[in-house]
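Note that the coordinates shown come from a computational prediction; the quantities given were computed from them, not determined experimentally. What's counted below: heavy atoms across the whole structure, side chains too, no hydrogens, waters or symmetry copies. Proteins come first, then strands; the chains are lettered A, B, ... in the order of their sequence lines, and each starts at number 1.
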There are 2 protein chains.
Amino acid sequence: MTRRPPTLSDVARRAGVSYATADRVVNGRAGVSEKATRSVHAAIEALGYVRNVAAANLSQQRVYRFAIVLPAGSNAFFRRVRDLFAEAASRLLPDRISLSIESVEAFDAEALTTRMAALAAARVDGVAVVASDDPQTAAAIAALRARDIPVLTLVSDVPGSQRNAYVGIDNVVAGRTVGRLIRMAHGGRKGRVLPVVGALSAHDHAERLSGMREVIGGAFEIAPVVEGRDRFELVETLVGKALAEDPAITAIYSAGAGNAGLVRVLDALPPGSARPYAFLHELVPHSRRALEEGLIDVIIDQRPEEEVARVIEYLTLLADRRELLRTDPIVPTIFVRENLPQTRADALEQAG
Amino acid sequence: MTRRPPTLSDVARRAGVSYATADRVVNGRAGVSEKATRSVHAAIEALGYVRNVAAANLSQQRVYRFAIVLPAGSNAFFRRVRDLFAEAASRLLPDRISLSIESVEAFDAEALTTRMAALAAARVDGVAVVASDDPQTAAAIAALRARDIPVLTLVSDVPGSQRNAYVGIDNVVAGRTVGRLIRMAHGGRKGRVLPVVGALSAHDHAERLSGMREVIGGAFEIAPVVEGRDRFELVETLVGKALAEDPAITAIYSAGAGNAGLVRVLDALPPGSARPYAFLHELVPHSRRALEEGLIDVIIDQRPEEEVARVIEYLTLLADRRELLRTDPIVPTIFVRENLPQTRADALEQAG
DNA sequence: CCAGTGCTGATAGACGTCTATCAAAATTTG
DNA sequence: CAAATTTTGATAGACGTCTATCAGCACTGG
């Protein structure tokens, strides 16, 4: 029925050369005539030979060692990312993949550079890093690549750098998506949108806002942007003030973090009053609860599960010197109250 | 630095038994005293031993042979599923996983049973099947399980059966999600929804409708359901007629297939007239185009990419007699014009 | 014709697991 | 206590690849 996949011995036999020569060809070692090289390649083609990666790794006792560098601190989103990587690490044990999950102070390019130099020295097989887009970081990435270590940027890209790929969403796309939903929620009527960001100087937040602006078009007014520093107390104060002073606001788009504060403001609104539509980023415990309780309307999520899976897929491929087939950005996912994924607790209850 | 993962020899040494005994324990062969069994298990625990699956498979020349049984015919959604499996098959070649993608006439329980019996006889390592929920199919699944062959139901579940897991969306959830979006699009105003299905007798379509009904609540009217047999000509005729006769319709929810016909009706509406909101299932070329052109508003997609990935993940785990960690349903994904994923053509252009 | 060079072939051992076999212990049974 | 049975140990060969070594061949240039 299913016949045995061809081995390199089969290839050698078919090419009329010895195993040693065939091996020299596939492993790119010197000392093979052009003629022999060609006939080996022809045999590979003809037999559809694919190297048995498992056997190859076994013979070299290969253990993939990947490093994941995440910002330190307690942001709910990165806690989730960290948890997902930790879970992946234990799942990947049988596949001889070891993930070292490291923390570096956010926005500290100096510390990040030091850490990445250490990883280069440790000769890891690949690195995924959440970095900000600055020249020093780009240089650190280049240093790793110079040592032939693959590098992925995660969540936030460093476009000019030599990273092999970016794993994350396109923030303009995310903003446009929110824009569309804002329009939909207003059903052709005019509206006034309150944008909330961490800081306007933050690349990603600004991109999200501009994407949103692009789509909502001229029928909408945009209130002065609230900069909440991603801190929930500040967000609470500023948004509370904005809503009180500007009763014309029909929708809030929070492009950054600190949304616990936003939710508190919404929760404290007098029951009878018209609640503005609210659009938030990232599915985390408190945003989920707010969506379930109807305090907010939509969560745009960058699917860290998928990001984690892709990071591992890409790093493994790159470590094997195989090609990345697709490197399209992650698509931002829209969650409403009804299509929330099961929580771990639900899943356990269902199973037990 | 990273030290060599423990092997079974290490376990044996630590347990104070021979390799042969340790091997007997881990492979559940008979003839080992309880005491030896216990000390081997203790050593496994202490060393954190995990069997090297690659080496194990190598030693047995193991090739995973999985069968994917899809409905024959030219439905755009299943064409997409088929393509995704075909692509996965070539990608999985180096991992010694062979997928045989088979077609069986849709709704033909007899043919399906025959095919599944053949798979049982061929002793495949796992089967994923798109089946309808009837006793004969359930029996065929049971027959496979009796031979210790894992079975997954795909896209459409057979709840009473002995399938190991279901990979697909919960259709009630999908319907509820659409309900929420319909409400959102109407922004608090009343509306009248035209439901379009293949047939009301189809489980999944009915579930989607009832989910939608649940959420939109009493403020909405529901027009008589159009049954379009999933055939685009019929859908075109019937929906065209319904819209012409019922100008109060503000939204269309098509829970089934044949949407090319629906799109043609919308495209043919006089330019000035108010177009009803339109909600469709499954991202396929023609629905994508309609969304890009603004003829429809939302596509609910069951992410066949994720389904395919899960099928392979689950089948591999089950074939290795490992446990399935999570078997939560796939979450239906909302696509609007702005968060459509890149097409293959886009990706190629970008790369080249 | 000899030395040097470039290419090729043969082969051995390692990786970790599985299967199998045989002999030697340890234990139970009569 | 001897016989039968159960348990254990030792070991060999296979899986497909990688690395390494060594010998032999066909050339080239002098």
Side-chain angles (χ1 to χ4, degrees), chain A residues 2-41 43-44 47-64 93-98 319-322, chain B residues 2-41 43-44 47-64 93-98 319-322:
Chain A
T2 328
R3 72 187 170 302
R4 186 179 56 85
T7 71
L8 192 53
S9 296
D10 299 329
V11 169
R13 199 172 316 121
R14 164 117 186 188
V17 302
S18 71
Y19 180 90
T21 299
D23 179 79
R24 284 188 257 258
V25 171
V26 297
N27 287 310
R29 268 188 285 273
V32 187
S33 68
E34 201 184 322
K35 189 179 139 210
T37 306
R38 258 185 289 115
S39 68
V40 168
H41 279 134
I44 286 175
L47 296 176
Y49 167 76
V50 271
R51 157 159 150 277
N52 185 332
V53 187
N57 289 350
L58 175 62
S59 81
Q60 324 201 88
Q61 268 189 296
R62 170 150 211 187
V63 178
Y64 296 92
L93 229 107
D95 300 328
R96 309 280 134 159
I97 296 176
S98 103
D320 284 340
R321 299 173 177 286
R322 289 203 266 169
Chain B
T2 328
R3 70 189 172 303
R4 186 179 56 85
T7 71
L8 193 52
S9 296
D10 299 328
V11 170
R13 199 171 316 119
R14 164 119 186 183
V17 302
S18 71
Y19 179 89
T21 299
D23 179 80
R24 285 188 257 257
V25 171
V26 297
N27 287 311
R29 269 187 285 273
V32 186
S33 69
E34 202 182 321
K35 190 179 135 209
T37 305
R38 259 184 288 114
S39 68
V40 169
H41 280 133
I44 288 175
L47 296 176
Y49 167 77
V50 272
R51 159 159 149 276
N52 185 332
V53 187
N57 288 350
L58 176 62
S59 83
Q60 320 202 95
Q61 270 188 295
R62 169 148 210 191
V63 178
Y64 296 93
L93 229 106
D95 300 327
R96 310 281 135 162
I97 296 176
S98 102
D320 284 340
R321 299 174 177 287
R322 290 203 265 169

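- For the side chain to side chain contact (heavy atoms under 4.5 Å, CB included) criterion with B:D23, the lone passing option out of B:V32, B:L8, B:V11 is B:L8.
- Closest approach of A:S59 to A:A56, counting heavy atoms only: OG-O, 2.9 Å.
- Across all strands, A:R62 comes closer than 4.0 Å to no nucleic acid atom at all (heavy-atom distances).
- Residue-level contact check: B:R29 touches the bases, meaning some heavy atom is under 4.0 Å from a base atom.
- Going from atom CZ of B:R29 over to atom CZ of B:R24 covers 8.0 Å, rounded to the nearest 0.5 Å.
- Side-chain contact between B:T7 and B:R13 is absent, with no heavy-atom pair separated by less than 4.5 Å.
- Contact of the B:R14 side chain with the B:L47 side chain is registered, since non-hydrogen atoms from C-beta on lie closer than 4.5 Å.
- Between the side chains of B:D320 and B:Y64, at least one donor-acceptor pair of N or O atoms lies under 3.5 Å.
- Residue B:A54 is classed as having no contact, given no heavy-atom separation below 4.0 Å to the nucleic acid.
- Across the helix from C:dC1-D:dG30 to C:dG30-D:dC1, the helix axis at one end is tilted relative to the axis at the other end by 30° (nearest 10 degrees, each axis from five pairs).
- If you check every strand for non-hydrogen atoms under 4.0 Å, B:N57 touches nothing.
- Using a 4.0 Å heavy-atom distance criterion, A:L8 is classed as a sugar-phosphate-only contact.
- Note: CZ (A:R13) to P (C:dG9) measures 14 Å, nearest angstrom.
- Rounding to the nearest 0.5 angstrom, the gap separating the CG atom in A:N52 from the CG atom in B:D95 is 9.0 Å.
- In this structure, A:Y19 places its OH atom 19 Å from C1' of C:dC7, rounding to the nearest Å.
- Between A:P6 and A:Y49 the shortest heavy-atom distance is O-CD1, 3.3 Å.
- Toward the 5' end of DNA chain C, the nearer of the two residues A:G16 and A:S59, judged by each one's closest nucleotide, is A:G16.
- Residue A:V17 is in sugar-phosphate contact alone, with no base atom involved, counting any heavy-atom pair closer than 4.0 Å across all strands shown.
- Residues A:R24 and A:N52 each lie close to DNA chain D; by heavy-atom proximity, the contact nearer the 5' end of the strand is made by A:N52.
- When each of B:A56 and A:A30 is assigned the nucleotide of DNA chain C with its nearest heavy atom, A:A30 is the one assigned upstream, toward the 5' end.
- Of the inter-residue distances, the one linking B:N27 atom CG with B:R51 atom CZ reads 7.0 Å to the nearest 0.5 angstrom.
- The footprint of chain A on DNA chain D, defined by a heavy-atom cutoff below 4.0 Å, extends from D:dG16 to D:dT19.
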